[in-house]
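Working notes, beginning with the structure itself.
Sequential numbering from 1 along the given sequence is applied to the chain's residues. Here the structure is a predicted model, which is why all the values come from computation and not from measurement. Every heavy atom of this structure was used, including side-chain atoms; hydrogens, water molecules and symmetry mates were not.
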Amino acid sequence: MSPLLRRKEKKRPGERLVTLIGKPGCHLCDDAQEVIEKVCAEVGAQWEKKDISQDAELYRLHWEQIPVVLVDGEQHTFWRVNPDRLRRALGG
């Protein structure tokens with residue numbers, strides 16, 4: 001079967017990783033973290049926080065969009081986090 005026709009195996013919420021990329025003193029980052037913490041707790045997903053001021057490559061890639069939210073390493077959203085959309089992305 002062609003790899004394009006093959007479906008990716010769906011991960012359970014507990015196997016998902018949400019990454020918040022932001023910086024200290026950013027009120028949108030604080031708002032995003034609140035949503036991420038709540039949704040991840042509800043569905044059982046893991047989450048982590050990365051500071052662009054401590055990583056030159058993250059700064060280069062995302063400085064205009066923070067906060068940036070990744071799900072399993074792929075960009076999910078930036079600036080504002082919609083809890084329902086994040087919940088759906090995590091399979092919850």
Side-chain angles (χ1 to χ4, degrees):
M1 177 181 282
S2 165
L4 296 175
L5 298 177
R6 233 180 265 147
R7 288 187 152 189
K8 288 184 179 180
E9 185 175 318
K10 191 171 184 176
K11 291 183 178 182
R12 294 183 310 222
E15 300 171 328
R16 310 304 296 270
L17 176 63
V18 177
T19 304
L20 170 61
I21 301 171
K23 68 178 184 176
C26 167
H27 72 280
L28 289 177
C29 301
D30 295 340
D31 293 348
Q33 183 172 333
E34 285 183 32
V35 173
I36 291 167
E37 286 177 340
K38 181 180 178 190
V39 171
C40 286
E42 287 173 8
V43 302
Q46 301 296 312
W47 77 277
E48 65 182 357
K49 186 176 182 179
K50 294 189 177 183
D51 181 350
I52 65 163
S53 66
Q54 302 297 314
D55 186 316
E57 182 64 10
L58 286 178
Y59 184 87
R60 186 185 69 76
L61 291 171
H62 301 294
W63 72 274
E64 292 181 316
Q65 296 180 324
I66 63 164
V68 175
V69 178
L70 311 177
V71 174
D72 297 332
E74 294 186 22
Q75 188 166 332
H76 170 73
T77 195
F78 60 95
W79 295 337
R80 302 247 184 233
V81 183
N82 179 297
D84 294 328
R85 183 169 177 259
L86 180 58
R87 199 174 289 109
R88 283 191 305 273
L90 295 172

Write down the atom of [X], the atom of [Y], and the distance for their closest heavy-atom approach.
X: L28; Y: W79; result: CB-O, 4.1 Å
X: A89; Y: H76; result: CB-CE1, 3.7 Å
X: I66; Y: C29; result: CD1-SG, 4.3 Å
X: L70; Y: Q75; result: CD2-CA, 3.5 Å

| message | Can you confirm whether E42 sits close enough to K38 that some side-chain heavy atom of one is under 4.5 Å from a side-chain heavy atom of the other? | response |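 The answer is yes; the side chains approach within 4.5 Å.
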| Between W47 and Q33, is any pair of side-chain heavy atoms under 4.5 Å apart? |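 When only atoms from C-beta onward are counted, Q33 and W47 do touch, with a gap below 4.5 Å.
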| query | Under a single-linkage definition using a 4.5 Å side-chain heavy-atom cutoff for Ile, Leu, Val, Met, Phe, Trp and Tyr, are I36 and L90 assigned to the same hydrophobic cluster? | reply |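 Yes, I36 connects to L90 through the hydrophobic network.
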| said: Are Y59 and V68 linked, directly or through intermediate hydrophobic residues, by side-chain heavy-atom contacts shorter than 4.5 Å (ILVMFWY only)? | reply: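 V68 clusters together with Y59.
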| With V81 via side chain to side chain contact (heavy atoms under 4.5 Å, CB included) - residues at least two apart |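 So V81 forms a side chain to side chain contact (heavy atoms under 4.5 Å, CB included) with A32, V35, V69, T77, L86.
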| said: Once side chain to side chain contact (heavy atoms under 4.5 Å, CB included) is applied, do any residues pair with L61, and if so which ones, sequence neighbours excluded? | reply: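 So L61 forms a side chain to side chain contact (heavy atoms under 4.5 Å, CB included) with E57.
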| Where the side chain of Q65 meets the backbone of H62, is there a donor-acceptor pair that is under 3.5 Å apart? |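 Checking the backbone N and O of H62 against the side chain of Q65, no donor-acceptor pair under 3.5 Å is found.
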| field | Any donor-acceptor N/O pair, D72 side chain to L17 backbone, under 3.5 Å | value |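 Side chain of D72 to backbone of L17, a donor-acceptor pair under 3.5 Å: yes, one is there.
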If you measure from [atom1] on [X] to [atom2] on [Y], what distance do you get to the nearest 0.5 Å?
X: L58; Y: I52; atom1: CG; atom2: CD1; result: 8.0 Å
X: R85; Y: N82; atom1: CZ; atom2: CG; result: 7.5 Å
X: E37; Y: L20; atom1: CD; atom2: CG; result: 9.0 Å

| request: Please step through side chain to side chain contact (heavy atoms under 4.5 Å, CB included) for the pair K50 and D55, ending with a clear verdict. | output: CA-CA 8 Å; K50 294 189 177 183; D55 186 316; 5.8 Å; no
